[in-house]
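Notes follow the structure.
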Amino acid sequence: MPDGPSVTVLPDAAPAERMVHGSFEFIIIGSGPAGRRAAIQAAKLGKSVLVIEKGRRVGGVSVHTGTIPSKTLRETVLNLTGWRERGFYGRAYRVKKDIQAKDLMMRLHMTLDHEVDVLEHQFARNAVRTITGMARFLDPHHVEVEIEREGSKVFHGERILLAVGTRPHRPADVPFDGRTVLDSDEIVEIDHLPRSLTVIGAGVIGIEYATIFSALDVAVTLVDAHETFLDFIDRELIDEFVHQLRDRGMTIRLGSKVVAIEHEHDRPVTVLESGRRIRSEMLLYAVGRMGATEPLNLGCCGLECDARGRLKVDPNTFQTTVPHIYSAGDAIGFPSLASTSMEQGRIAACHAFGMKLPPAPEFFPYGIYTVPEMSTVGMSEEQVRKQNIPYECGIARFRETSRGHIMGLSTGILKMIFSIATGRLLGVHIVGEGATELVHIGQAVLNLKGTLDYFIENTFNYPTLAEAYKIAALDAWNRMARA
Ligand SMILES: Cc1cc2nc3c(=O)[nH]c(=O)nc-3n(C[C@H](O)[C@H](O)[C@H](O)COP(=O)(O)OP(=O)(O)OC[C@H]3O[C@@H](n4cnc5c(N)ncnc54)[C@H](O)[C@@H]3O)c2cc1C
């Protein structure tokens, strides 16, 4: 809590007649990845920084309901189910029989406490001040914070960053009850594991949870109105992924429009346009998220958001149309990742205080922590084809690597796409164990404008899954030599 060093009374406009409890060079609203990285960056530049967070603890959606909880849940599920060992010991193998929600929650809370602790320490070390309360604008430089038991306080910010993130989209006709029909913030706090789960929405969040619960032997039905999903991912990867999901018994209903969600005997029933009724013990509604900009009172500072609550910014500086007000992270929309939000926050802070940065690299990786995980960087085969670039692909299967044999992997592929004219790497797409880590090798080569030769000429540690890069490169080289 700031102790309010500079108490000023502002002269003119009506809202500013209120007592100002502190003046800061940088006020950041939201302590998620974007706010956190921006705060530390500005503090490192010697600026006075105030972070306002409405949640009880700092960290944002990323720490409390999104990235870290879902990834911790995934890791716990993979460990307790013995998922990674089943290649050797069979599908019936389990490390712990009768896994319960409390087994998952214990590790979740330990991880979250640690994350918050690290973040609080980081703020304290860098003299970033934090305050707990809901923030709203009074005018373009004044922010009012509603603090529990203390009432409201007003702060002046020379520059302001809106890093308010998103909240789940909760349509009025979906009967959310926090128990049988849940959104993606609520699913991390369930008190028992369902025997069956319907997931509506085959976006990244819906698919991640669908596959995590399916790994727990929960009967999962995934429903989406569209005929395809994760369209930014290479189709060959998705085909392999879907094959694995169906092979383990998951039901995938694409092109299926939901017309109603009802309750029968206290259980949700998903009614499809086709007339089909899908009964399950629990339902996760994961169809999009909305920018959490509504409470900010944006009209007071001349800003507007779109219908989904998102703000428009300059993609290079992250300035809104009001130049001293910046926005970063999920509040500005695509790609809505913790990884990119952090970078945007850092870039915004550097721009706000005149620190020049080189242009951001062209490609960033996308990590999807499904079971099995997927990761991708650069162009998909569909995008390359659309641009009429003559190309060749190379594919490696993890089961072809010695590391894959040691780990008992029967699935997993790494695919690379190269330009035939220049040999330049155009895209890397991986599905399988370690995909989200492995992709960074491809990312480095891609952003350094490397070619097929890098993979052919360099030695890779053996036995590793990274060796798949070499195998895929040789596969592409063989095809190109034959062409
Ligand atoms: C289930 C799920 C899984 C995900 N998995 C991944 C993943 O694996 N990898 C990845 O890179 N990304 C992942 N994401 C996305 C990632 O969580 C977001 O991209 C990231 O959290 C966005 O960061 P942010 O800083 O924009 O905002 P947030 O993390 O959303 O934080 C915003 C903060 O602002 C606060 N706030 C909002 N309004 C106000 C106000 N008026 N006053 C004060 N405080 C306010 C909120 O309380 C919140 O703490 C996942 C998201 C979800 C939901």
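As the structure is a computational prediction, the values presented were derived from the model and not from experiment. We count ligands from 1, going down the list as the structure has it; atoms in each ligand are counted the same way. Quick note: numbers below take in every heavy atom, side chains included, and nothing from hydrogens, waters or symmetry partners. Numbering of residues begins at 1 and proceeds along the displayed sequence.
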Enumerated ligand 1 atoms positioned under 4.0 Å from heavy atoms of G133: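 Near G133, meaning under 4.0 Å from one of its heavy atoms, ligand 1 has 42 (N), 43 (C).
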
Could you grab the distance from atom [atom1] of [X] to atom [atom2] of [Y], nearest 0.5 Å is fine?
{"X": "L138", "Y": "N297", "atom1": "CG", "atom2": "CG", "value": "7.5 Å"}
{"X": "L112", "Y": "E115", "atom1": "CG", "atom2": "CD", "value": "7.5 Å"}
{"X": "R179", "Y": "H192", "atom1": "CZ", "atom2": "NE2", "value": "8.5 Å"}
{"X": "M134", "Y": "L296", "atom1": "CE", "atom2": "CG", "value": "8.5 Å"}

With only distance considered, is [X] within less than 3.5 Å of ligand 1 through an N or O on each side?
{"X": "P33", "answer": "yes"}
{"X": "A135", "answer": "yes"}
{"X": "G329", "answer": "no"}
{"X": "S184", "answer": "no"}
{"X": "I29", "answer": "no"}
{"X": "A338", "answer": "yes"}
{"X": "V61", "answer": "yes"}
{"X": "T65", "answer": "no"}

How far is [atom] from its nearest protein heavy atom, and which residue and atom is that?
{"atom": "atom 18 (C) of ligand 1", "answer": "D330 OD2, 3.1 Å"}
{"atom": "atom 34 (O) of ligand 1", "answer": "G30 CA, 3.1 Å"}
{"atom": "atom 37 (C) of ligand 1", "answer": "V164 O, 3.3 Å"}
{"atom": "atom 25 (O) of ligand 1", "answer": "A34 N, 2.9 Å"}
{"atom": "atom 5 (N) of ligand 1", "answer": "K71 NZ, 2.9 Å"}
{"atom": "atom 27 (O) of ligand 1", "answer": "G165 CA, 3.4 Å"}
{"atom": "atom 15 (C) of ligand 1", "answer": "S336 O, 3.7 Å"}
{"atom": "atom 44 (N) of ligand 1", "answer": "K54 N, 3.0 Å"}

Geometric class of the F353/F26 ring pair [parallel <30°, tilted 30-60°, perpendicular >60°]: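 Rings of F26 and F353: perpendicular, as their planes differ by over 60°.
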
Sidechain N-carboxylate O distance under 4.0 Å for R136, E144: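 The answer is yes: the pair qualifies as a salt bridge.
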
Ring-ring centroid check H21 H156, cutoff 6.0 Å: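 No, too far apart.
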
Nearest candidate to [atom], where distance is taken over non-hydrogen atoms, out of [options]:
{"atom": "atom 16 (C) of ligand 1", "options": "L161, T67, V143", "result": "T67"}
{"atom": "atom 53 (C) of ligand 1", "options": "I205, T166, V204", "result": "I205"}
{"atom": "atom 33 (C) of ligand 1", "options": "R37, R136, E53", "result": "E53"}
{"atom": "atom 32 (C) of ligand 1", "options": "P335, A331, A292, A163", "result": "A163"}
{"atom": "atom 21 (O) of ligand 1", "options": "G66, S62, A286", "result": "S62"}

For [X], is the nearest heavy atom under 4.0 Å from an atom of ligand 1?
{"X": "S70", "result": "yes"}
{"X": "R289", "result": "yes"}
{"X": "P168", "result": "no"}

Verdict with reasoning, E208 to T370, per side chain to side chain donor-acceptor pair (under 3.5 Å): CA-CA 4 Å; E208 282 189 0; T370 36; over 6 Å; no

Stacked cation flag R170 on F176, 6.0 angstrom / 45 deg: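 Pair R170/F176 counts as cation-pi.
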
Check against side chain to side chain donor-acceptor pair (under 3.5 Å), Q344 and R37: CA-CA 9 Å; Q344 293 169 358; R37 195 51 76 82; over 6 Å; no

For the student: nearest non-hydrogen atoms of Y469 and I441, plus distance: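 Shortest heavy-atom separation between Y469 and I441 comes out as CE1-CB, 3.6 Å.
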
Closest non-hydrogen atom pair, R248 against P372: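 In terms of heavy atoms, the two residues are closest at NH1-CD, 4.1 Å.
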
Stepwise side chain to side chain donor-acceptor pair (under 3.5 Å) check, T180 with D177: CA-CA 6 Å; T180 61; D177 59 7; 2.6 Å; yes

Audit row: D117, H114, side chain to side chain donor-acceptor pair (under 3.5 Å) steps and yes/no: CA-CA 5 Å; D117 192 47; H114 186 68; 5.1 Å; no

